[in-house]
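Reading through the structure tokens given below for one structure.
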Amino acid sequence: MTGLTRKLLSATGLAILLSLGLSGCGDDVGKVSLGLFTTKDVIIDARHDPKIPGVTCHISRIEADLSLADPSDMSISCRQTGPITAAEIANIDKSKNGEVVFKESLSILFKSLKVRRIYDAENQTLLYLSYSTKETNGSHKHALSTVPLYGTQAWIAGGVRAN
């Protein structure tokens with residue numbers, strides 16, 4: 001075997017091992033390392049709304065293994081990825097507080113990430129608010145994403161809104 005062939009085989013083997021390791025990362029859609037000398041990664045999860053399965057939320061957050069770093073920073077983006085029906089909208093909490101649709105512990109310091117769905121009836125839009133339950137530097141970290149119902153089976157034409 002030539003030196004070039006050995007290098008190609010080594011690189012191919014390493015690529016296969018890395019891809020096998022990444023495919024075993026659970027329900028994560030993506031995992032990006034923040035550097036060679038850190039134990040921190042950006043994790044991207046895909047979550048489906050349990051009451052409105054036609055909505056998928058992608059949530060990015062910091063995973064800090066072996067670290068007491070603050071994992072409160074997060075981002076959320078929710079989109080329509082399937083049908084949304086009027087029956088599904090009829091079965092959600094329509095109060096101003098909405099309802100928690102996802103919850104996950106973020107650290108040993110009792111921080112958790114919550115995602116709450118709130119229905120904006122006037123604009124026929126679902127709001128997804130992600131937030132940390134623990135104050136950090138005088139502020140609760142949060143992010144917002146919206147899913148308009150326009151173009152779905154749940155849209156009510158003519159401005160008549162279901163309460």
Side-chain angles (χ1 to χ4, degrees), residues 19 22-35 38-65 67-163:
S19 68
L22 289 176
S23 67
C25 290
D27 296 299
D28 299 339
V29 172
K31 184 173 186 176
V32 178
S33 173
L34 292 176
T38 180
T39 59
K40 298 174 186 148
D41 297 315
V42 176
I43 303 295
I44 304 168
D45 294 319
R47 302 284 180 96
H48 296 279
D49 186 324
K51 289 189 178 177
I52 306 176
V55 172
T56 303
C57 293
H58 289 91
I59 303 165
S60 68
R61 59 183 172 76
I62 298 293
E63 179 181 73
D65 293 334
S67 172
L68 296 177
D70 179 15
S72 297
D73 284 328
M74 84 289 291
S75 177
I76 188 169
S77 181
C78 301
R79 298 291 183 266
Q80 178 188 352
T81 55
I84 300 174
T85 66
E88 291 169 343
I89 299 301
N91 288 323
I92 64 172
D93 182 341
K94 294 185 186 71
S95 69
K96 292 285 185 187
N97 289 329
E99 64 186 304
V100 174
V101 291
F102 317 118
K103 180 169 63 170
E104 182 176 340
S105 176
L106 293 179
S107 75
I108 59 174
L109 300 174
F110 307 108
K111 291 182 183 180
S112 64
L113 166 71
K114 290 185 180 181
V115 175
R116 187 173 289 271
R117 180 194 339 95
I118 300 169
Y119 180 62
D120 175 358
E122 182 178 340
N123 296 297
Q124 297 186 65
T125 301
L126 298 169
L127 310 174
Y128 289 85
L129 175 69
S130 65
Y131 59 98
S132 169
T133 58
K134 189 161 184 164
E135 188 174 322
T136 304
N137 296 327
S139 175
H140 289 273
K141 304 288 183 168
H142 63 280
L144 179 70
S145 185
T146 63
V147 178
L149 297 180
Y150 184 77
T152 72
Q153 299 167 18
W155 177 260
I156 300 168
V160 179
R161 310 292 194 259
N163 291 327

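- How far CG of L113 is from OG of S132: 7.5 Å, rounded to the nearest 0.5 Å.
- Contact check for F102 versus D45: no side-chain heavy atoms found under the 4.5 Å cut-off.
- The shortest non-hydrogen separation linking A154 to L149 is CB-CD1, 4.2 Å.
- Heavy atoms only, all atoms of each residue included: C78 and V55 are closest at CB-CG1, 4.3 Å.
- Q80 and V147 get closest at one heavy-atom pair: N-CG1, 4.1 Å.
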Worksheet entry | Verdict with supporting geometry, D93 and S95, side-chain hydrogen bond (donor to acceptor under 3.5 Å, both in side chains) | CA-CA 6 Å; D93 182 341; S95 69; 2.8 Å; yes

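- When T152, I92, V101 are each tested for a side chain to side chain contact (heavy atoms under 4.5 Å, CB included) with I52, only one passes: I92.
- Rounding to the nearest 0.5 angstrom, the gap separating the CG atom in N123 from the CG atom in L126 is 11.5 Å.
- The shortest side-chain heavy-atom distance between Y128 and T146 does not fall under the 4.5 Å cut-off.
- Across all their heavy atoms, V29 and A46 have their closest contact at CG2-CB, 3.4 Å.
- Taken to the nearest 0.5 Å, the NE2 atom of H58 stands 11.5 Å off from the CZ atom of R47.
- Taking the side chain as every heavy atom from C-beta outward, E88 and P83 never approach each other to under 4.5 Å.
- In plain terms, the two heavy atoms of V115 and S130 that are nearest each other are CG2-CB, 3.9 Å.
- No more than 12 heavy atoms of other residues, nucleotides or ligands shown are found within 6.0 angstrom of NZ on K103.
- Of the possible donor and acceptor atoms, one in the side chain of K94 sits under 3.5 Å from a partner among the backbone N and O of I89.
- Residues I59 and E104 fail the side-chain proximity criterion, which asks for heavy atoms closer than 4.5 Å.
- Here the closest heavy-atom approach between residue T85 and residue Q153 is recorded as CG2-OE1, 3.2 Å.
- S145 has its side chain within reach of R79: a pair of non-hydrogen atoms, C-beta onward, lies under 4.5 Å apart.
- The side-chain heavy atoms of D49 and C57, taken from C-beta on, include no pair separated by under 4.5 Å.
- Here CG of L144 is found 8.0 Å from CD1 of I118. Values are rounded to the nearest 0.5 Å.
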